[in-house]
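Residue numbers begin at 1 in each chain, while the letters A, B, ... track the order of the sequences.
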Amino acid sequence: MKRTKINVLLKLEKTPGKVLIKGWVRTKRDSKEFSFMDINDGSALKSIQVIANNDLENYPDIEKITTGTSVAVAGQLLESPGKGQKWEIQASDIEIINIAPESYPLQKKRHSDEFLRTIAHLRPRTNKYGAAFRIRSEMMFAIHKFYKEKGFRYLTTPLITGADCEGAGEMFRVTSPEPGKENFFGRESNLTVSGQLPAEMFALALGDVYTFGPTFRAENSNTSRHVAEFWMLEPEMAFCDLKENMDHGEELVKYLTQHAMNECKEDMDLFIKFVDKSLSKRIDTLLNSEFGRISYTEAIDILLKSKKKFDFKVEYGTDLQSEHERYLAEVYFKKPVFLTDYPKGIKPFYMRMNDDGKTVAAVDLLVPGIGELIGGSQREDRLLVLEKRMDEMNLPKEDYWWYLDSRKFGSVPHSGFGLGFERFLMMITGISNIRDVIPFPRTPGSIDF
RNA sequence: UCCCCAGUAGCUCAGUUGGCAGAGCAAUUGGCUGUUAACCAAUGGGUCCGCGGUUCAAAUCCGUGCUGGGGAGCCA
């Protein structure tokens with residue numbers, strides 16, 4: 001007999017008669033004559049109730065079933081007379097695949113996130129983490145669906161890189177095990193911190209492209225919003241200016257959020273009900289409000305006029321501190337807000353110089369509770385301006401010869417941004433620590449699993 | 001890397017002024033005719049994070065290290 005997944009069973013309108021399911025026992029409630037078991041196979045948040053009468057041939061073994069035990073259950077799918085579920089299975093045959101001994105660490109109660117992090121290999125068997133990782137999977141597909149529908153090409157850029165692009169952050173060194181030949185590629189190489197520069201090359205050939213893959217930062221960051229290995233989505237669009245770049249980012253965020261609400265309703269409900277009381281309102285804001293759009297200069301004015309006491313001084317020319325960003329997104333706008341046109345001194349070389357000669361066409365999307373979700377810009381497409389900027393910042397132009405070539409031969413205005421995938425997941429689930437939206441998080445001093 | 005907080009049973013935590021190590025849940029065993037994180041009863045379970053110090057006496061005070069959490073910086 002063929003196995004049916006529990007998410008399929010639970011959606012049935014009428015019983016097909018006999019069914020076979022396989023999964024793990026979540027809870028078991030025994031009486032003298034029968035035993036109730038909730039079986040979960042990970043296909044859905046909900047489990048299915050199984051009733052085992054004591055006239056089953058192997059009932060003495062069934063009595064020994066513990067939480068976490070894997071089983072195969074065959075029986076009639078019947079409408080449940082009990083409250084709380086539509087369907088239940090009256091078991092005619094229960095095969096115990098593997099007993100989970102008493103040392104199984106997941107109990108029939110709520111565990112702390114900190115504890116579950118120490119058993120990251122088992123935490124997807126809990127309701128909350130099962131839901132989180134189903135949503136993560138669905139969002140990865142949704143990204144590809146969004147870009148497929150928009151006619152973008154999916155590009156995979158190298159994870160091992162030679163160039164120290166944008167000089168942003170510490171990079172992990174890639175070495176060869178052979179003594180004396182550590183530089184396998186003949187020169188220093190690193191794990192990528194961004195696929196942007198190669199993506200620009202392909203945007204200037206295929207038009208609209210996006211990269212979506214792992215990214216690495218060797219920063220010694222110890223916060224709930226940083227990990228050393230994370231996934232980043234980077235669209236790059238030819239013939240696209242800063243405004244269109246923002247339009248695109250806003251459309252993307254709304255599309256993905258709506259997709260989660262449509263396709264992961266049951267799992268999203270768990271987060272709305274039990275994880276973050278303000279999540280429902282936040283999602284409504286994401287879907288239905290127009291994101292704010294102001295320049296860095298306007299933001300400085302708002303902060304100066306706010307009369308709020310900040311720990312760090314608000315001053316034109318310096319980067320905004322977390323508390324400033326939080327004030328703008330959470331207090332002033334109470335919704336996501338794009339900040340544009342930052343002073344050139346606090347942004348990388350590739351951003352397009354504005355006509356004022358002081359600011360560049362940068363854009364950050366600040367989101368309540370998360371901070372920076374998107375960072376991007378219109379790229380500098382004028383060869384001479386770009387070369388001048390690189391000189392100012394003491395970058396070796398010869399290392400970027402291929403990058404500069406793109407501005408030499410048929411250069412066009414183009415734009416793009418990076419979106420931190422895990423931060424997006426935090427935003428739509430209300431999960432407050434980035435370590436809990438990635439299967440096996442890598443953080444300084446921690447690489448278990 | 002810096003600042004703050006924490007570390008006691010498998011989990012979540014209490015432990016008063018320095019004076020015999022505690023609870024709930026879980027586990028184990030038994031009971032129970034439809035349960036919903038079932039219920040009732042009994043039983044077992046401790047390197048009080050490690051090291052050093054003060055003291056007649058340290059889970060408790062001091063020093064130090066480690067681990068975890070919150071915040072900052074850096075960023076996505």
*Which is true for A:Gly82 with a 4.0 Å heavy-atom rule: it touches a base, it touches only sugar-phosphate, or it touches nothing?*
base
_Parallel, tilted or perpendicular: which one describes the rings of A:Tyr210 and A:His144, with boundaries at 30° and 60°?_
tilted
_Whole-Å P distance, B:A41 and B:C25_ = 10 Å
*OP1 or OP2 of B:G34 less than 4.0 angstrom from a side-chain nitrogen or oxygen of A:Ser31, does that happen here?*
yes
*asked:* Output the rounded distance in Å from CG (A:Asn54) to C1' (B:G34).
replied: 14 Å
_Distance, rounded to the nearest Å, where A:Glu422 contributes CD and B:C75 contributes P_ = 19 Å
*Under-4.0 Å side-chain N/O to phosphate OP1/OP2 contact, A:Lys108 with B:A38*: yes
*Side-chain donor/acceptor of A:Asp30 to base of B:U35, under 3.5 Å*: no
_From CG of A:Leu106 over to C1' of B:A27, roughly how many Å is that when rounded to an integer?_
14 Å
*Is the shortest side-chain N to carboxylate O distance from A:Glu251 to A:Lys254 below 4.0 Å?*
no
*NA contact type, A:Val227, heavy-atom cut-off 4.0 Å: base, sugar-phosphate, or nothing?*
base
*When all nucleic acid strands are considered with a 4.0 Å heavy-atom cut-off, which category describes A:Phe115: base, sugar-phosphate, or nothing?*
sugar-phosphate
*For A:Thr223, report the nucleic acid contact type (base, sugar-phosphate, nothing); a contact means any heavy atom under 4.0 Å.*
base
_B:G15 and B:A23, which share atom name C1', separated by this distance in whole Å_ = 10 Å
*Which whole number of Å gives the distance between the P atom of B:G18 and that of B:C13?*
25 Å
*A:Met426 CE to B:A76 P, straight-line distance once rounded to whole Å*: 15 Å
_From B:A72, B:U35, B:U28, nucleotide with atom closest to A:Gln321 side chain_ = B:A72
_Can you measure A:Leu365 atom CG to B:C75 atom C1' for me and round it to whole angstrom units?_
15 Å
*Quick one: do A:Lys128 and A:Asp436 make a salt bridge, cutoff under 4.0 Å?*
no
*A:Arg225, nearest nucleotide to its side chain (from B:C74, B:A38, B:G71)*: B:C74
*Would you indicate whether the side-chain heavy atoms of A:Leu320 and A:Ile300 approach each other to under 4.5 Å?*
yes
*Distance in angstrom units between A:Ile346 CD1 and B:C74 C1', rounded*: 13 Å
_Applying a 4.0 Å non-hydrogen cut-off, can you work out what A:His111 is touching in the nucleic acid: base, sugar-phosphate, or nothing?_
sugar-phosphate
*Flag the pair A:Glu138 and A:Arg134 as a salt bridge only when some basic side-chain nitrogen lies within less than 4.0 angstrom of an acidic carboxylate oxygen.*
no
*asked:* Ring centres under 6.0 Å, that's the criterion: do A:Phe146 and A:Phe152 meet it?
replied: no
*Is A:Glu229 touching bases, backbone alone, or none of the nucleic acid, heavy atoms closer than 4.0 Å?*
nothing
*Would you indicate what A:Asn222 reaches in the nucleic acid, counting non-hydrogen atoms under 4.0 angstrom: base, sugar-phosphate, or nothing?*
base
*Counting any heavy atom closer than 4.0 Å, what does A:Thr27 reach on the DNA or RNA strands: base, sugar-phosphate only, or nothing?*
sugar-phosphate
*If you look at every strand shown and take non-hydrogen atoms under 4.0 Å, does A:Ser35 touch a base, only sugar-phosphate, or nothing?*
nothing
_C1' gap between B:A26 and B:C66, integer Å_ = 28 Å
*asked:* Could you identify the nucleotide paired to B:C61, looking across every strand shown and requiring Watson-Crick or G-U wobble geometry with both distances under 3.5 Å?
replied: B:G53
*To the side chain of A:Phe36, which of B:A27, B:A72, B:G34 is closest?*
B:G34
*If you measure from the C1' atom in B:C48 to the same atom in B:A9, how many Å do you get, rounded?*
10 Å
_Please report the distance, rounded to the nearest Å, between CG in A:Asp113 and P in B:U12._
11 Å
*Name the pairing partner of B:C74, where a pair is Watson-Crick or G-U wobble with both distances under 3.5 Å, or state none.*
none
*Take A:Phe34 and A:Thr66, find for each the nucleotide of RNA chain B with the closest heavy atom, and name the residue whose nucleotide sits nearer the 5' end.*
A:Thr66
_Whole-Å distance separating the CZ atom of A:Phe312 from the C1' atom of B:C3_ = 11 Å
*asked:* By the 4.0 Å heavy-atom rule, please label A:Pro105 as base, sugar-phosphate, or nothing.
replied: nothing
*B:C39 pairs with which nucleotide, Watson-Crick or G-U wobble, both distances below 3.5 Å?*
B:G31
*Roughly how far apart, to the nearest Å, are B:U67 and B:G24 at atom P?*
35 Å
*For B:G71, does OP1 or OP2 lie under 4.0 Å from any side-chain N or O of A:Ser224?*
yes
*Between B:A72, B:G68, B:G34, which nucleotide gets closest to the side-chain atoms of A:Glu114?*
B:G68
*Per A:Gln107 side chain, nearest of listed nucleotides B:U33, B:C25, B:C74*: B:C25
_Strictly below 4.0 Å, N to O, side chains only: are A:Lys309 and A:Glu323 in salt-bridge contact?_
no
*Aromatic-base stack, A:Phe230 on B:A76, cutoff 5.5 Å, angle under 30*: yes
*Could you work out which one of B:U36, B:C75, B:G68 sits closest to the side chain of A:Gln49?*
B:U36
_With rounding to the closest Å, how many angstrom separate the C1' atoms on B:U17 and B:U12?_
28 Å
*Could you tell me whether the phosphate oxygens of B:U35, OP1 or OP2, come under 4.0 Å of any side-chain nitrogen or oxygen in A:Arg29?*
no
*If you measure from the Lys or Arg side-chain nitrogens to the Asp or Glu carboxylate oxygens, is any gap between A:Arg225 and A:Glu372 under 4.0 Å?*
no
*Base paired to B:C13 (Watson-Crick or G-U; both N/O distances under 3.5 angstrom)*: B:G22
*Using a cut-off of strictly less than 4.0 Å, decide whether A:Lys83 has a side-chain nitrogen or oxygen near OP1 or OP2 of B:U36.*
no
*Given A:Tyr350, which of A:Gln378, A:Gln196, A:Arg389 fulfils the side-chain contact (heavy atoms from CB on, under 4.5 Å) condition?*
A:Gln196
*What does B:A6 pair with, Watson-Crick or G-U, if both distances are under 3.5 Å?*
B:U67
*Do A:Arg110 side-chain and B:C25 base share a donor-acceptor contact under 3.5 Å?*
no
*Choosing from B:G73, B:U28, B:G68, which nucleotide comes nearest the side chain of A:Glu102?*
B:U28
*Base, sugar-phosphate, or nothing for A:Glu323, non-hydrogen atoms under 4.0 angstrom?*
nothing
*P atom, B:C2 versus B:A59: distance in rounded Å?*
31 Å
*Compare side-chain N and O positions of A:Ser112 against OP1 and OP2 of B:U12 and report whether any pair is under 4.0 Å apart.*
yes
*asked:* Looking only at the side chains, is there a donor atom on one of A:Asn190 and A:Thr161 sitting less than 3.5 Å from an acceptor on the other?
replied: no
*Check every atom of B:A72, B:G68, B:U33 against the side chain of A:Ser322 and return the nucleotide holding the closest atom.*
B:A72
_Partner nucleotide of B:G44 by Watson-Crick or wobble geometry (both distances under 3.5 Å)_ = none
